[in-house]
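Some notes on the structure that comes next.
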Amino acid sequence: MNDCPRVSIKSIGHYDGQTVRLSGWLYNLRRSGKIAFPILRDGTGFLQCVAVKAELPESTFEALRELTQESSLTVTGKVRAESRAPGGYELDVQEVTIHQRIPEEDPYPITPKEHGIDFLMDRRHLWLRSKRQFAIARIRHEVIRAVRDFFDDNGFTLVDCPIFTPAACEGTSTLFEVDYFEDEKVYLTQSGQLYNEANAMALGKVYCFGPTFRAEKSKTRRHLTEFWMVEPEMAYATLEDVKELAEGLVCSIVARVLDRRREELKILERDTSKLETVKGPFPRMSYDEAVKILQGKGSTIEWGTDFGNTDETLLTEGYDRPVMVDRYPTEIKAFYFEPDADRPELALGVDLIAPEGYGEIIGGGQRIHDLNLLLKRLEEHKLPREAFEWYVDLRKFGAVPHGGFGMGIERTVSWMCGLDHLREAIAYPRMLYRTRP
RNA sequence: UCCUCGGUAGCUCAAUGGUAGAGCAUUCGGCUGUUAACCGAAGGGUUGUAGGUUCGAAUCCUACCCGGGGAGCCA
């Protein structure tokens, strides 16, 4: 029987009627005196097995019947189509090899019952085995694949940017200082954008994808201290090109997740009708218009300030897809934004705000390409010219209009999955008061 | 950093200032189609820590520790 095929739960449907081997962990066990229903998980799915006492050696049946949650085992048995099973198939057990049996004295702590968030977060390394976390991990993987495919298929070259950086992209207040390098203060990156601009001048269309660190004392369900961001940057591009790219990317991600991760969305009980409508063109509005709309809806926002979280939710209200807001006051944006030619007090930046209260998932725009303007901005923002010398070079040697954006992976995954907290969108979230495991 | 809520059995939670309890988990017994399986029984507690008020504190007061949510900031 050892020569029967070793299969994964995901592909079990191809082996109907055949005897196969399945290796995994005991997810749950229901049993009576003469029949037992062990549910196995193997990282590709969940499958209920059926062990009938009368059809098995006494020792095999008893070993299985007395098995504990999350013990590791290999089961040999016959695949059978079963209309009562959630996945359509079951496995009739013939042989069992137990690799490790978890003793009753020190059982697996995460039972199929309810647990509090503190308890689960302390056991994040085990919590990942749960069905819900399994589904989220697979959707995150699909989102990332969709992102890479989108850029790869549209002529972008991946050029990853450094994580140790000598200067801030947007001010030093939220940077993590690294005390190691001699002669120089070095920080953990909060964006690869500045390097991306250099890369775009070399390769035209580029993107980087990696971790980002923000030393913000944020303590909300929308913030992580360490998160992943994908950042495209294009040479010879305007604000309109950036908006079109952002829209195309988001549509492509949503379509891909709907196409390939139906099972996982179902596990999460995600209302997919709210994703089906996410198609271009997205509603577009200027910051001016957005402020008027918000004031009309009772927000206390005033022109010249940034949106709060409730403002973002209000803005997308009544829309079944993300909303793009552009042309923000220069005052509240980073130093590198190109000003609007007609109204220099506005920056050619754009934010993409996801519906259902998920807020800003993309922020970007057109960058300054004029040398003198950039020098002026560096001065206004009191940024050290020396650290930005190489960045200034880009405006000295063949400067062109260019732009791009950053998209937060965890916020996007949260939106796709319908999560109510960012911490579930990454395997090991790093937050203000949580750095373990 | 500020505001706010919370900490009781392994877990999730109850308990008017007056004998600390339930469900689940665990152990034992029963059950051949269970879907968070079910039924019966048993064991399981320094009520986050330190102090105070009181005849008496899980409960009221003070300080501290730990965590949840939110604000600002941002993806």
Side-chain angles (χ1 to χ4, degrees), chain A residues 27-39 46-56 61 65-66 68-69 80 82-87 90 92 102-123 130-132 169-171 173-175 190-193 209 211-231 246 305-312 332-334 349 351-354 358-364 405-415 420-423 425-426 431-434:
Chain A
Y27 186 70
N28 198 4
L29 175 66
R30 282 180 284 271
R31 65 200 176 183
S32 66
K34 287 161 187 153
I35 190 167
F37 300 98
I39 297 180
F46 299 78
L47 182 74
Q48 174 161 291
C49 304
V50 184
V52 179
K53 186 176 186 179
E55 295 170 10
L56 290 169
F61 182 78
R65 208 186 94 92
E66 296 303 317
T68 47
Q69 189 194 355
R80 174 173 44 77
E82 168 60 64
S83 58
R84 285 170 291 189
E90 283 185 347
D92 290 322
I102 299 177
E104 284 83 357
E105 308 86 70
D106 191 10
Y108 185 74
I110 302 177
T111 66
K113 299 287 176 178
E114 290 170 21
H115 299 285
I117 194 64
D118 190 36
F119 180 84
L120 289 170
M121 286 302 293
D122 284 343
R123 292 158 185 78
S130 303
K131 201 176 239 178
R132 177 181 165 81
C169 293
E170 333 192 350
S173 59
T174 61
L175 283 169
Q190 56 181 193
S191 167
Q193 184 206 312
F209 181 45
T212 297
F213 308 88
R214 300 277 167 93
E216 295 158 358
K217 299 289 184 198
S218 300
K219 198 172 167 311
T220 82
R221 64 180 78 190
R222 299 178 310 281
H223 289 87
L224 293 170
T225 304
E226 175 186 316
F227 66 96
W228 285 66
M229 186 158 70
V230 62
E231 296 175 276
T305 62
D306 216 339
F307 306 131
N309 185 251
T310 45
D311 290 325
E312 288 183 347
I332 56 170
K333 284 289 174 186
D351 286 351
L352 186 143
I353 304 168
Y358 283 96
E360 183 186 345
I361 59 169
I362 284 179
F405 61 80
M407 185 183 84
I409 291 297
E410 287 77 16
R411 285 192 181 173
T412 306
V413 170
S414 285
W415 172 38
D420 61 10
H421 200 301
L422 223 51
R423 67 187 155 215
I426 186 168
M431 294 174 294
L432 200 50
Y433 296 115
R434 201 169 281 281

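Protein chains get the first letters and strands the later ones, always in sequence-line order, with residue 1 at the start of each.
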Report summary line: The side chain to side chain donor-acceptor pair (under 3.5 Å) partners of A/S130 (sequence neighbours excluded) come to none
Query raised in the report: Which nucleotide in the list B/rG33, B/rG69, B/rA75 gets nearest to the side chain of A/R221?
Result: B/rG69
Query - Contacts of A/E82 that satisfy side chain to side chain donor-acceptor pair (under 3.5 Å) - sequence neighbours left out - result: A/R80, A/R84
Query raised in the report: When you measure from the side chain of A/E312 to the backbone N and O of A/E360, does any donor-acceptor pair fall under 3.5 Å?
Result: yes
Each nucleotide N or O in nucleotides 8-13 of chain B that has a protein N or O under 3.5 Å away: list the pair and distance.
{"unit_1": "B/rC11", "atom_1": "O2'", "unit_2": "A/E114", "atom_2": "O", "d": "2.8"}
{"unit_1": "B/rC11", "atom_1": "O2'", "unit_2": "A/H115", "atom_2": "ND1", "d": "2.7"}
{"unit_1": "B/rU12", "atom_1": "OP1", "unit_2": "A/G116", "atom_2": "N", "d": "2.6"}
{"unit_1": "B/rU12", "atom_1": "O2'", "unit_2": "A/E114", "atom_2": "OE1", "d": "3.3"}

Query raised in the report: Of the nucleotides B/rA75, B/rU32, B/rG70, which one has an atom closest to the side chain of A/K34?
Result: B/rU32
Requested in this report: Using atom types as modelled and distance alone, determine if a side-chain donor or acceptor of A/R214 lies under 3.5 Å from a backbone N or O of A/Q190.
Outcome: yes
Requested in this report: Ignoring the backbone of A/R434, work out which of B/rA75, B/rG68, B/rU32 is nearest its side chain.
Outcome: B/rG68
Requested in this report: Return no unless some side-chain N or O of A/R80 is found under 4.0 Å from OP1 or OP2 of B/rG33.
Outcome: no
**Report entry** Salt-bridge present (A/D306, A/K333; N to O < 4.0 Å)
**Finding:** no
Taking only nitrogen or oxygen atoms into account, show me every contact under 3.5 Å that the protein makes with nucleotides 1-5 of chain B, one pair per line with its distance.
{"unit_1": "B/rU1", "atom_1": "O4", "unit_2": "A/K217", "atom_2": "O", "d": "2.9"}

Report summary line: Testing B/rA75, B/rG69, B/rG33 for proximity to the side chain of A/I35, the answer is B/rG33
Query raised in the report: Does a distance-only test, which skips hydrogens and angles, find a donor-acceptor pair under 3.5 Å between the side chain of A/R30 and the base of B/rC31?
Result: no
**Report entry** Minimum-distance nucleotide to A/L422 side chain [options: B/rA75, B/rG33, B/rA71]
**Finding:** B/rA75
Query - Ranges pairing with ranges for RNA chain B, where each run has three or more Watson-Crick or G-U pairs under 3.5 Å - result: B:1-7 with B:65-71, B:10-13 with B:21-24, B:26-30 with B:38-42, B:48-52 with B:60-64
Requested in this report: Please measure how far the C1' atom in B/rG30 lies from the corresponding atom in B/rG44, and state the result in whole Å.
Outcome: 23 Å
Requested in this report: Please state the C1' separation for the pair B/rG29 and B/rA14 - nearest whole angstrom.
Outcome: 29 Å
Query raised in the report: So which nucleotide from B/rG69, B/rU32, B/rC74 ends up closest to the side chain of A/A54?
Result: B/rU32
Query raised in the report: If you measure from the ring centre of A/F37 to the centre of the six-membered ring in the base of B/rG33, is it under 5.5 Å, with the planes under 30° apart?
Result: no
Query raised in the report: So, A/R411 side chain and A/H223 main chain: donor-acceptor pair closer than 3.5 Å or not?
Result: no
Report summary line: Applying side chain to side chain donor-acceptor pair (under 3.5 Å) to A/E410 and not counting sequence neighbours gives A/R140
**Report entry** Residue pair A/T111 / A/Q69, side-chain donor-acceptor N/O under 3.5 Å
**Finding:** no
